[in-house]
Amino acid sequence: MENGSLPRHVAVIMDGNGRWAKKRGLPRTLGHKAGTENVRRIVKYCSKKGIKYLTVYAFSTENFRRPQDEVGALMRLLIQYFNNETDELKENGVRLNVIGDISEFQPKVREAIQNGLDKTKDCDGLVFTIALAYGARAEIVRAVKSIIDEGCEVTEETVSKHLYTFDMPDPDLIIRTSGEERLSNFLLYQAAYSEFYFTKTLWPDFDESEMDKALEEFAKRDRRYGGV
Ligand code: IPE
Ligand code: IPE
Ligand code: MG
């Protein structure tokens with residue numbers, strides 16, 4: 001594949017952890033654990049491939065509605081991820097970034113996240129963004145409110161610059177695993193001209209070869225942006 005057809009920004013809706021566990025007769029929590037392990041594998045692979053931005057949807061504003069046990073288990077996994085993975089991320093030059101409203105998270109979760117962000121802040125390789133307590137509608141409302149507060153003019157440009165993603169290009173490719181074909185409130189504004197790739201593969205099974213399939217498919221797409 002030519003490098004010119006490599007997406008600069010890949011975004012992933014990591015879905016199917018629960019079904020992955022169910023298929024094996026395991027509790028959903030173990031599906032989330034396997035999903036977290038897959039995050040490590042895919043981040044490494046994208047970094048190696050030379051992708052500049054990888055954004056993953058890990059916890060939506062709507063996911064707070066899940067049973068308390070499951071939300072608690074996800075929070076513990078997040079703490080573990082930020083505590084245990086950031087040294088390796090740093091070694092690989094990966095800069096961590098978080099989008100969403102994590103003020104809803106418990107202080108110990110926020111603290112682990114902040115430590116991870118601080119540790120990798122000077123890295124200049126892959127920018128790895130995790131969407132946490134993220135919802136695109138809330139993001140747009142927040143952006144418009146801050147534009148009004150600052151007395152700026154409302155334009156496409158100022159809206160873009162007030163989103164959580166103000167310092168990144170729009171996603172070129174959005175992947176969703178597990179067979180669902182919807183955005184579930186992810187990057188609504190930024191996805192205006194993204195290419196979509198849907199696969200039935202469940203997130204914990206989405207390995208390097210699955211990522212290659214998505215990248216190959218992307219390379220074949222004809223992006224016209226409304227032109228001819
Ligand atoms: C995605 O897997 C992870 C989160 C939304 C946190 P799910 O937990 O949604 O898995 P399914 O969709 O129930 O299989
Ligand atoms: C979307 O998955 C959110 C994440 C992957 C974090 P969900 O499983 O929560 O979405 P729906 O409920 O199928 O739309
Ligand atoms: Mg799901």
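Counting starts at 1 for both ligands and their atoms, following the listed order. Keep in mind the model is a prediction, meaning the values are calculated, not measured.
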So, are E70 and R28 salt-bridged, with charged N and O less than 4.0 Å apart?
-> yes

Can a salt bridge be assigned to the pair E208 and K44 using a cut-off of 4.0 Å between side-chain N and carboxylate O?
-> no

By residue and atom, what protein N/O/S atoms are less than 2.8 Å from the Mg ion (ligand 3)?
-> D15 OD1

Compute whether any side-chain donor of one residue and acceptor of the other, for D172 and H9, lie under 3.5 angstrom apart.
-> no

Under a 4.0 Å N-O cut-off, is there an ion pair linking E217 with R221?
-> yes

Side-chain donor-acceptor pair present, D212, S209, cut-off under 3.5 Å | no

S184 and R176: CA distance, side-chain angles, deciding distance, side chain to side chain donor-acceptor pair (under 3.5 Å) verdict = CA-CA 10 Å; S184 301; R176 184 166 186 153; 2.8 Å; yes

Charged N to carboxylate O below 4.0 Å: is that the case for R40 and E37?
-> no

Within the heavy-atom cut-off of under 4.0 Å, ligand 2 is lined by I13, M14, D15, Y57, A58, F59, N63, R66, R176, R182, S184

With a 4.0 Å cut-off on heavy atoms, is H32 touching ligand 1?
-> yes

Ion pair E180/R19, N-O distance below 4.0 Å = yes

Sidechain N-carboxylate O distance under 4.0 Å for D124, R95 | no

Ring centroid separation Y53 to F128 under 6.0 Å | no

